[in-house]
Amino acid sequence: MAGGSGERFWPLSTPTRPKQLLKLTSPTETMLQEAVSRIEPLVGSSNVYAAVSTSIEQAVRDSNVVPPQNVWAEPTKRNTLGCLCWVSAQLLAVGDENATVAVLTADHQIGKPHRFRETIRAALELAEEKNALVTIGIPPTRPETGYGYIEADYQDISLASSGREGYHSVSFREKPDAFTAASFLEAGNFLWNSGMFFFRLASFLQELDNAQPQARMTVNLMASALAKGNAVEASQRFTELPSISVDFAVMEKAQNVWVVPADFPWDDVGSWDSLERTLPADEHGNVSQGQTALIDTRNSIVVNDSEAIRVGVLGLENVIVVATEGAVLVCAKDQAQRVREITSKLT
């Protein structure tokens with residue numbers, strides 16, 4: 001999944017250059033390039049597809065990160081449910097109804113890729129063996145309120161051929177308040193929802209039919225139109241889908257859901273403040289990129305994406321400063337989640 005509106009990392013990100021097309025966690029590769037490099041050794045380049053928004057379709061095709069014919073552009077924004085319905089319709093249209101699908105993210109930082117692939121392999125095995133919807137759960141390290149959680153039944157276990165354990169999922173929980181997040185952490189059987197899913201296509205469509213029968217019908221109509229080469233009709237049908245997350249629409253209602261705990265480093269990279277978890281800091285706790293000068297500045301994030309200007313920060317703490325050719329952001333670090341509010345003010 002490589003959609004996105006380019007709001008959270010404004011002004012560096014834009015609708016035509018969202019974060020997955022930025023080099024936020026690597027000096028040499030975009031986040032999408034990193035994501036493809038992680039999974040290619042397991043499935044082969046011809047089996048990697050990018051589900052993108054129309055605003056970045058051409059940029060992704062031109063990048064050759066995946067084969068150009070493997071770039072599937074969703075007609076409009078319909079959240080992650082729309083993404084998976086569009087992908088399902090594309091697979092049905094080419095007669096791949098028996099496919100086993102790994103739905104991965106293009107905008108997360110993931111370390112130790114060999115362990116990542118081992119986890120993916122176990123999740124795919126579990127999806128096929130149990131005819132289940134499977135997700136990867138991240139063992140929480142803090143009472144995070146910005147992530148959803150998965151409650152696992154550690155008594156209901158299934159082993160992959162590698163010996164990795166999967167657990168039956170009791171429930172999905174929305175992003176909690178601070179008190180609830182702390183209780184999840186204390187309970188010990190709650191995992192962060194990584195947003196990655198694995199399933200036989202038939203299993204997903206059955207759960208979709210149970211939870212969202214109208215959306216399931218729309219998938220069939222889109223697949224039929226695509227099989228006939230009628231992209232206009234397929235796009236029109238797509239607009240009939242509700243704009244909601246697949247977690248809310250399907251996963252929370254599904255009866256047969258399993259979770260495989262991750263044992264690799266992971267970060268959501270959801271806002272500017274996440275860079276201090278993913279990039280090296282100086283002796284004062286500052287993360288900086290580009291031509292910058294920091295004096296008596298601590299625990300701050302300073303990014304200069306322009307060759308034409310210089311950025312200096314003096315005597316500040318816990319701030320974010322981002323400069324591009326066309327815009328500058330200055331905000332308190334604890335307000336990083338609100339950056340998208342600025343984009344609505346400036347449009």
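Side-chain atoms are counted along with the backbone in the values below, which use heavy atoms only and exclude waters and symmetry mates.
Contact detail for R121 and L42: the closest heavy-atom pair is NH2-CD1, 3.1 Å.
If you take CG on L24 and CD on E29, they are separated by 13.0 Å, rounding to the nearest 0.5 Å. If you take CG on L208 and CG on L81, they are separated by 6.5 Å, rounding to the nearest 0.5 Å.
F197 and L92 fall within a single hydrophobic cluster, where Ile, Leu, Val, Met, Phe, Trp and Tyr side chains are chained together by heavy-atom contacts under 4.5 Å.
Side chain to side chain, E325 and S306 meet the donor-acceptor criterion of an N or O pair below 3.5 Å. One side chain, H108 or D268, offers a donor N or O that lies under 3.5 Å from an acceptor on the other. N304 and R310 share no side-chain donor-acceptor pair at under 3.5 Å. With no hydrogens or angles considered, a side-chain donor-acceptor pair links N193 and D247 at under 3.5 Å. With hydrogens and angles left out, the side-chain atoms of E317 and S300 include no donor and acceptor closer than 3.5 Å. A side-chain donor from one of T119 and R164 sits under 3.5 Å from a side-chain acceptor of the other. In this structure, a donor-acceptor pair under 3.5 Å is present between the side chains of E34 and T25.
The backbone N or O of Q33 lies less than 3.5 Å from a partner atom in the side chain of S37, making a donor-acceptor pair. Judged by distance alone, the side chain of N230 and the main-chain N or O of L226 form no donor-acceptor pair under 3.5 Å. Between the side chain of E129 and the main chain of A127, no donor-acceptor pair closer than 3.5 Å is present. Proximity of a side-chain donor or acceptor of Q20 to a complementary backbone N or O of G3 within less than 3.5 Å is detected. The backbone N or O of G326 lies less than 3.5 Å from a partner atom in the side chain of T324, making a donor-acceptor pair. Without hydrogens or angle criteria, N286 side chain to V302 main chain gives no donor-acceptor distance under 3.5 Å. Remark: side-chain polar atoms of S344 are paired, donor with acceptor, to backbone N or O of E341 under 3.5 angstrom.
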Given the rule in the ring pair (Phe, Tyr, Trp, His ring centres under 6.0 Å) test, do W72 and F238 qualify, once you have shown the distances and angles that lead to the verdict? CA-CA 13 Å; W72 289 339; F238 184 84; over 10 Å; no

Apply side chain to side chain contact (heavy atoms under 4.5 Å, CB included) to the pair V311 and Q291, showing each step before the final yes or no. CA-CA 7 Å; V311 174; Q291 299 184 82; over 6 Å; no

Go through the steps for W258 and Y167 under the test ring pair (Phe, Tyr, Trp, His ring centres under 6.0 Å), then give the verdict. CA-CA 5 Å; W258 289 72; Y167 304 97; 8.3 Å; no

E125 vs S161, side-chain hydrogen bond (donor to acceptor under 3.5 Å, both in side chains): CA-CA, chis, key distance, verdict: CA-CA 8 Å; E125 285 183 17; S161 60; 2.7 Å; yes

Q337/W272 under side chain to side chain contact (heavy atoms under 4.5 Å, CB included): CA gap, chis, key distance, verdict: CA-CA 8 Å; Q337 294 286 346; W272 278 114; over 6 Å; no

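For CD of E186, the number of neighbouring non-hydrogen atoms (other residues, nucleotides, ligands) closer than 6.0 Å is 12 at most. Atom CZ of F264 is surrounded by more than 12 heavy atoms from other residues, nucleotides or ligands within 6.0 Å. Dense packing is recorded around CZ of R78, with more than 12 heavy atoms of other residues, nucleotides or ligands lying under 6.0 Å away.
One finds no salt bridge joining E118 and R115 here, because no Lys/Arg side-chain nitrogen approaches an Asp/Glu carboxylate oxygen to under 4.0 Å. A salt bridge links R173 and E151; the closest N-O separation between the charged side-chain nitrogens and carboxylate oxygens is under 4.0 Å. A salt bridge links E57 with R61: the closest approach of a Lys/Arg side-chain nitrogen to an acidic carboxylate oxygen falls below 4.0 angstrom. Salt bridge status for D273 with K333: absent, with no side-chain N to carboxylate O gap under 4.0 Å. Ion pairing between a basic and an acidic side chain is recognised when a charged N comes within 4.0 Å of a carboxylate O; D263 and K112 show no such pairing.
The aromatic rings of F199 and F204 lie parallel to each other, their planes meeting at an angle below 30°, with 60° marking the opposite boundary. Using cut-offs of 30° and 60° on the angle between ring planes, the pair F184 and F190 is parallel.
When ring centroids are compared, W192 and F172 stay outside the 6.0 Å threshold.
Annotation: cation-pi pair K175/Y149 absent, no NZ/CZ under 6.0 Å from the ring centroid and within 45° of its normal.
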